[in-house]
Amino acid sequence: YREVQDKLTAAKLGEALEVESKSERFSLIEPPDAPIAPIKPNRPAILVLGFVLAIASGVGMGALLEAADGRIYGSQQIFRLTGAPPLVVVPPIRTRADAWRARGKVLAWLIGIIALAAAALAIVNVNVMPIDVLWAVVLQKLTAFLQAGA
């Protein structure tokens, strides 16, 4: 009897606590939906804006350097500056060091182009679609285009 009485007392106490804390209770009716795609930041817009600003800054820097360059190149500039043609024009003398420097520039350009292409492919792979899927889509469209033309 005592055991049943203790259980009844504990149940009444629990019921009283439940009645009193009713307003503090939070019940979830419908769970929130996970977003399908992020709304901020707009990554394609940032990518396009960065590309446009990079091109614009490169062109602007080139124009600024060209305007600030006070050197004279060629006999035509001498004629425009002085009003008289030069007496003698010395042709450029090429040395082995000049040839190696020219090869180094070509090599640097090639490495830069390859690195830029690799970076562009990595960006496309991460942000747009995997490269293998992109390649399959390009081949499919090219095949459809060639078959439509034939």
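Counting begins at 1 with the first residue of the sequence.
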| From L110 atom CG to L107 atom CG, the distance as rounded to the nearest 0.5 Å | 6.5 Å
| task | Measure the spacing between CG of L146 and OG1 of T143 and express it to the nearest 0.5 Å. | result | 6.5 Å
| remark: Of all heavy-atom pairs linking N125 and P130, the shortest is OD1-CA, 3.0 Å
| What's the spacing between L8 CG and Y1 OH if we round to 0.5 Å? | 9.0 Å
| request: Kindly work out whether a path of hydrophobic side-chain contacts (I/L/V/M/F/W/Y, heavy atoms less than 4.5 Å apart) joins V124 to W135. | output: no
| query | Closest heavy-atom contact between D98 and I93? | reply | OD2-O, 3.4 Å
| query | Linking I/L/V/M/F/W/Y whenever their side-chain heavy atoms sit closer than 4.5 Å, directly or via other members, would L81 and I78 fall into one cluster? | reply | yes
| What about V128 and V133, same hydrophobic cluster or not, with Ile/Leu/Val/Met/Phe/Trp/Tyr joined at side-chain heavy-atom distances under 4.5 Å? | yes
| remark: Heavy-atom closest pair (I131 atom, L121 atom, distance to 0.1 Å) is CD1-O, 3.5 Å
| note | So CZ of R2 and NZ of K7: to nearest 0.5 Å the spacing works out to 15.0 Å
| field | Side-chain (Q77) to main-chain (Y73) donor-acceptor, under 3.5 angstrom | value | yes
